[in-house]
Amino acid sequence: MSIIEAKDKISSVTESISQKTNSIEQIRYGCAIGAMQSVAAIPRAIPITHCGPGCADKQFMNLAFYNGFQGGGYGGGAVVPSTNASEREVVFGGAERLSELIEAGLEILEADLFVVLTGCVSDLVGDDVGSVVSPFQERGVPIVFAETGGFKGNNFTGHELVTRAIIDQYVGDYAGAKTKGLVNVWSLLPYHNTFWRGDLTEIKRTLEGAGLKVNILFGPESKGVSEWKAIPKAEFNIVLGPWLGLATARHLEQKYGQPFLHVPVLPIGAKETTDFLRHVADFAGLTTKSAKRKLESFIRKEETRYYKYLEDFTDFYAEYWWGLPAKFAVIGDSTYNLALTKFLVNQLGLIPGRQIITDNPPDEFREAIRGYYHDIAEDVSTEVEFEEDSYAIHQSLRQTNFGHKPPIIFGTTWERDLAKELKGVIVEVGFPTSYEVVLSRSYIGYRGALTLLEEIYSIIVSGSA
Amino acid sequence: MPINLKTATVESREQRLGTIIGWDGKASDLSKESAYARGGCDAKCGQKARRICELRGPFTQGSVCSEQMVECQAGNVRDAVLIQHSPIGCGTGQVIYNSIFRNGLAIRGLPVQNLHLISTNLLEKDMVFGGVAKLEQSIRDAWKRHSPKAIFIATSCATGVIGDDVESVATQLEEELGIPVIPLHCEGFKSKHWSTGFDATQHGILRQIVRKNPEKKQDDLVNVINLWGSDVFTPMLAELGLRVNYVVDMATVEELAQMSEAAATVGFCYTLSSYLAAGLEQEFGVPEVKAPMPYGFAGTDAWLREIARVTNREGKAEDYIAREHERVKPRLQELRELLKGKRGYVSTGSAYAHGLIGVLRELGVDVDGSLVFHHDPVYDSQDPREDSLAHLIDNYGEVENFTVGNRQQYQFFALLQRVKPDFIIIRHNGLAPLAAKLGIPAIPLGDEHHAVGYQGMLNLGESILDVLAHKKYHQDIAAHVRLPYKKSWLKQKDPFVLARRAAAGSEK
């Protein structure tokens, strides 16, 4: 194909993408009530859903089951109470039914925290959920509520609504002392990001290695509600990712006078992780000699191990006979998209072909996000697009010039067939990942980066014959 | 009550059939109370003849909605598009039904592809001003992108509450595009049981896709109403010189349209097939095969004989039945020896469970309990030959602990304590994880045809042997995890205590 033809094709696509409509085909996020999964991500917390009969099942099965087969855990999945709203709740309102459900739930369920989440029905008929929940709160029941009707936004929006509800209604005011070296971490969206459990574990491990104490808040490494109660005691908040968590951090700044550190790039690999840890240590004021010694000794240990494995991997990377892909595309939420692009460009020396962010970040953050891609490496600048409709995304990928070799596509199950069509390979790294079983696997930090390399190149090698 | 195709909205299961989602007792008592036996209910249950006393408690866990069933039926028609007219949350279901669709296509040997579902992505302002303009846009997008042979529209709780006029848009676009544009009314809040979603899809297909006044008849074609199961019906029906037309999942629009040309309609589960089969008979004169479902010897024999009778192939059936009995008996005998004394528990959809319990009893497995997700006192044909529960009891005896509940995990603990099974059989999610944490393994019947017919008995027997070995895993996990239920609740012997308390309270 001549260059001119290729160019023609590209321009036609740009045109079709610009005709953006409301349609979203092959979805890449849930709705606000999907944040019931953020509740399920807190050990011994249980969401209570006030919505139609399918909403809880739908959010769970898709965000948590057919996405890495993560499972329901303690209080998620089929455990989740729901009013299963019927015609009666639509016509007469559902407040009474919700109250009855909570009361009965307290008799049956064992939890440290309940979070009521509303769905479309409740938010449309205008149930006063606050007045249903507050008598329980006055009785000392650990329960909060968030209005998360599906039309209010996606599960990223819902996540921040739920987080804020727990902080304002359960954690509450605090005027006591701060705990030296304690930080709150706001990063990946639980369950939606397929690898969040392993990744949050790695974030906590490395921050502790650097000498900090960590409220990780979600996932297997969280201590549950006691950790949430300790949020106000932290010296500062870390927002790790391009935008999710910034609203929470700003709120905490107001509420508890906590400053926050925003690190847009979730670190993958030794260089990025080491920079991250030094940056955090600096912000935390870990300047004493012993603190510095601890930090640097941790970094040295981790880097030694990391580069030992990379040294061995180098034989493969340098002399694998049949060649390896050179260009890549990343289709995914802002946090993983940026983190992967950074790592693939800077650590592996791969060439960015197409980056598409799919989590619909609020407009106020988009300019900054574009900037991160412009400065992806000292000598590499790339563009990023924002698109949620898979039809447009796939058209865009079809028209991308990946050069003389097929690309690696870092994407989702939606890209499986497309990768075949392009004769490339697919690494499923985001929602939905329906063809991977994920337990503690992490792709970030020092350790996760090595796993990521194993995953990428196993897929490539295993597909070769 | 005949099927009413005059309106675009399907009548819900509870309106048509008196469907219930809460009941607990002996299977024979439920059968007596059901319409086929005309047992009825005492006066305070209301006027409807078929209404059965239903247990309703204050505590409920998340169920499943009609819209999900529309997604997994209309959304899995290969050359159609389903538009989900809803906020984005309803669209989340695309993930599971895509995975199931792809794996189903693969086991059926069809080209694997992603499904074609489009969300209209309604936002807050659409709740105020209405969403029909977005619906129209999405229909046009569907047409432009995929040139589908039909476009289905699934409504949602949100569009139901705000009252979007979906039908006008559909009618207008159907005329303009020249393909069926089919509104499926499946608002979750409108029915207490998700199986109304099957009916909603089938209602739309009957109204707008099935060929009216077909020019030809295909007298060797049988409509098989199923889901994604492996192709066990083609070889079975080939023995009678019949061809299979699988509907609705993974069918093409043409395969749906030709249903009116077929010689008969059958299913593997009356819960799924009731509405469409009755509608095809009523509106298009395609006879529904009225027989027990094809499970176990008795059911499969009667089912084959009735198909043969309806399609005038009696001789062929007897020969095939005799051969199959001979073929499966030796291994069945071995399986019965191996499974002696094992206890099984079935927790699946309603009619399907009736069939599976029969198969377990053929295998010599003790079945003292079952949880079905709803109960239809009657199916749409109202023909007693379809009374699957009575067939079970007449051929295989009583089921002592027979429970109806829409997949309520909190009740499942006590239900399992009653019968202490060695394994359970499931289809829907959510119950196996609890059983697993009690050391009980589950057989998930993703392939719904696994236990169908004579071979099905052997298949299920082999699967039980496999899963009993799994016990090692489950006992280990049981020793290491805690359940999210209060000790006092786990001690509770009656899973319906709250419902009974509520009923007693309201009587006072």
Side-chain angles (χ1 to χ4, degrees), chain A residues 21-27 29-31 33-34 46 49 52-59 61-63 65-67 71-72 74-75 77-87 89-90 100-101 103-105 107-111 119-121 124-125 150-152 154 391 413-414 417 432 434, chain B residues 57-68 86-96 98-99 112-114 116-124 126-127 134 137-138 141 145 156-158 160-162 188-190 192 194 407 409-410 429-431 433-434 482 484-486 488-489 498:
Chain A
T21 71
N22 59 288
S23 296
I24 294 188
E25 190 164 337
Q26 301 174 356
I27 57 95
Y29 47 68
C31 70
I33 204 173
I46 296 183
T49 56
C55 307
D57 180 78
K58 211 169 235 201
Q59 298 301 314
M61 278 308 276
N62 294 288
L63 291 167
F65 194 82
Y66 281 91
N67 182 32
Y74 178 84
V79 173
V80 176
S82 171
T83 48
N84 295 336
S86 66
E87 198 109 39
E89 283 70 42
V90 172
E100 170 189 81
L101 178 74
E103 194 70 61
E107 222 178 301
I108 292 174
L109 293 167
E110 182 76 53
C120 295
V121 170
L124 284 173
V125 304
F151 53 84
K152 293 196 170 144
N154 65 16
Y391 181 80
T413 296
W414 300 127
D417 295 342
S434 302
Chain B
F59 188 70
T60 46
Q61 287 160 316
S63 180
V64 167
C65 71
S66 301
E67 196 269 356
Q68 288 170 277
S86 62
I88 197 68
C90 299
T92 319
Q94 293 174 15
V95 173
I96 169 174
N98 185 54
S99 175
V112 172
Q113 55 167 315
N114 287 331
H116 301 119
L117 265 67
I118 298 179
S119 167
T120 56
N121 189 25
L122 300 180
L123 302 172
E124 194 140 23
D126 306 311
M127 296 298 110
K134 281 190 168 179
Q137 180 62 51
S138 290
D141 288 341
R145 292 172 176 190
S156 59
C157 290
V161 173
I162 65 172
F189 65 82
K190 286 212 173 143
K192 63 185 166 192
W194 60 77
R407 200 192 59 165
Q409 198 197 61
Y410 78 105
N429 63 292
L431 297 176
L434 180 102
R482 282 187 60 180
Y485 300 104
K486 281 200 173 358
S488 53
W489 177 253
L498 297 178

Looking at [options], which one has more heavy-atom pairs under 4.5 Å with chain A than the rest?
options	value
Ser99(B), Gly430(B), Cys157(B), Ser66(B)	Ser99(B)
Gln409(B), Gln137(B), Lys134(B)	Lys134(B)
Asn429(B), Val161(B), Ile162(B)	Asn429(B)

Part of [X] lying under 4.5 Å from any heavy atom of chain A:
X	answer
Arg482(B)	both
Ser138(B)	both
Asp126(B)	neither
Leu123(B)	both
Asp141(B)	side chain
Lys192(B)	neither
Leu498(B)	side chain
Tyr410(B)	side chain

Partners of Ser86(B) by side chain to side chain donor-acceptor pair (under 3.5 Å), sequence neighbours excluded?
none
In terms of heavy-atom pairs under 4.5 Å, which option from Cys120(A), Gly52(A), Ser86(A), Ala56(A) contacts chain B the most?
Ser86(A)
Look at Val125(A), Val90(A), Asn67(A) and state which one has the largest set of heavy-atom pairs under 4.5 Å with chain B.
Val90(A)
Who are the ring-ring contact (aromatic ring centres under 6.0 Å, His included) partners of Tyr66(A), not counting sequence neighbours?
Phe69(A)
Min side-chain heavy-atom separation Asn121(B)-Ser23(A) under 4.5 Å:
no
Heavy-atom pair of closest approach, residues Pro87(B) and Phe151(A)
CB-N, 3.7 Å
Going by distance alone, is a donor N or O of one side chain under 3.5 Å from an acceptor N or O of the other, for Gln113(B) and Asp417(A)?
no
Please assess Tyr391(A) against Thr21(A) for the test side-chain contact (heavy atoms from CB on, under 4.5 Å), listing each intermediate value before the final yes or no.
CA-CA 11 Å; Tyr391(A) 181 80; Thr21(A) 71; over 6 Å; no
